[in-house]
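Accompanying notes for the structure given below.
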Number of protein chains: 2
Amino acid sequence: MPLEIRPSQALRLWRQVHLDLVRDGEADLSARQVAILLTVYLELPPHTVRGLATQLGVTKPVITRALDTMGKLGLVSRRRDEADRRNVVIQRTVAGALAVERLADLVVDRAREIGGS
Amino acid sequence: MPLEIRPSQALRLWRQVHLDLVRDGEADLSARQVAILLTVYLELPPHTVRGLATQLGVTKPVITRALDTMGKLGLVSRRRDEADRRNVVIQRTVAGALAVERLADLVVDRAREIGGS
DNA sequence: GGATAATGATACGGACCCGTAACGATCGGG
DNA sequence: CCCGATCGTTACGGGTCCGTATCATTATCC
């Protein structure tokens with residue numbers, strides 16, 4: 001059950017959602033931060049710094065810094081793994097879940113408005 | 001002829017495309033830069049700094065700086081409007097058109113892979 | 001127990017971006 | 001003409017991010 005979408009529709013959808021994100025003053029997340037956020041909220045836990053770095057193909061400091069920023073924004077939180085205290089487990093937050101939900105609704109709504117061609 | 005998509009599909013699509021963008025090392029454009037790029041390539045010319053600032057709901061320096069960066073990347077170019085030399089017209093480039101096309105294909109391909117539910 | 005490995009965080013120099021404010025260039029009306 | 005309005009750019013101080021290299025902490029293996 002593939003999702004059918006034409007290139008011109010894809011571009012209009014992409015543009016409109018980004019316009020909404022910019023205009024709503026939503027925290028201007030970079031592509032990396034979006035990838036991290038959605039990975040944490042869509043993939044099965046546990047999530048570690050190392051694991052995210054591997055999945056994104058970036059270095060660990062990139063993840064650490066992104067988590068710093070997103071932590072300040074309340075989108076994720078960190079907890080030491082008591083089983084192996086070297087690890088840090090990235091956890092979801094209520095605010096983060098709401099932000100993800102808003103994004104989903106935004107995409108769905110804008111997709112609905114995208115007419116044919 | 002609306003585009004039907006469920007929230008969970010929207011999120012998976014959004015995540016997968018952002019993962020691709022990060023992994024491909026494509027210039028890590030901010031949401032604002034994406035909005036500018038797609039506006040220039042989808043909407044009818046001419047495009048001015050002021051016009052883009054109004055559409056995005058941001059200040060003019062934001063546009064100027066984004067154009068500086070995207071100009072270095074070759075995604076857009078600037079030309080003085082000879083009719084009214086106060087204006088600057090933002091123009092498309094071959095590299096920019098290719099980047100937009102790649103993005104469209106990326107979204108289309110990933111959408112096709114998004115199964116039901 | 002001591003050496004080795006692995007994890008996440010930090011330091012550093014450099015680049016980019018933000019918003020506000022000021023600026024030079026250009027146009028247009030009186 | 002000249003003065004005000006409009007255009008895009010630049011200056012400023014502050015913040016974030018980058019990649020590389022290094023760090024402290026913790027686990028593992030002999």
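Reckoned from all heavy atoms, side chains included, excluding hydrogens, waters and symmetry mates. To find a chain, count down the sequence lines: A is the first, B the second, and so on, and within it residues start at 1.
Under 4.0 angstrom from either OP1 or OP2 of dC17(C) there lies at least one side-chain N or O belonging to T69(B). Contact between the side-chain N/O atoms of S30(A) and the OP1/OP2 oxygens of dC17(D) is not found at any separation under 4.0 Å. Distances shorter than 4.0 Å separate none of the side-chain N or O atoms of R78(B) from OP1 or OP2 on dC7(D). Phosphate contact (OP1/OP2 of dC17(D), side-chain N/O of Q33(A), threshold under 4.0 Å): present. For R80(B) and dA25(C), the shortest distance from a side-chain N or O to OP1 or OP2 is not below 4.0 Å. A sub-4.0 Å separation between OP1 or OP2 of dG8(D) and a side-chain N or O of T64(B) is absent.
Put simply, CG on L56(A) is 15 Å from C1' on dC17(D), counting in whole angstrom units. Rounded to an integer number of Å, the gap from R85(A) CZ to dA24(D) P is 18 Å. Distance K60(B) NZ to dT10(D) P: 13 Å, rounded to the nearest Å. Here dG8(C) presents its P atom at 13 Å from NE2 of H47(A), a figure rounded to the nearest Å. Distance N87(B) CG to dC27(C) C1': 10 Å, rounded to the nearest Å. Whole-Å rounding puts the R79(A) CZ to dA9(C) P distance at 14 Å. One can place CZ of R86(A) at 5 Å from C1' of dA6(C), the figure rounded to the nearest angstrom. Here the P atom of nucleotide dC17(D) and the CD1 atom of I63(A) are 12 Å apart, to the nearest Å.
Both R50(B) and K72(A) lie near DNA chain D, and the one whose nearest nucleotide falls closer to the 5' end is R50(B). Looking at which nucleotide of DNA chain D each of V58(A) and A83(A) is closest to, the 5′-most match is held by V58(A).
On a pure distance criterion of 3.5 Å, no polar donor-acceptor pair joins the side chain of R65(B) and the base of dG8(D).
A donor-acceptor contact shorter than 3.5 Å is absent between the side chain of R32(A) and the backbone of A66(A).
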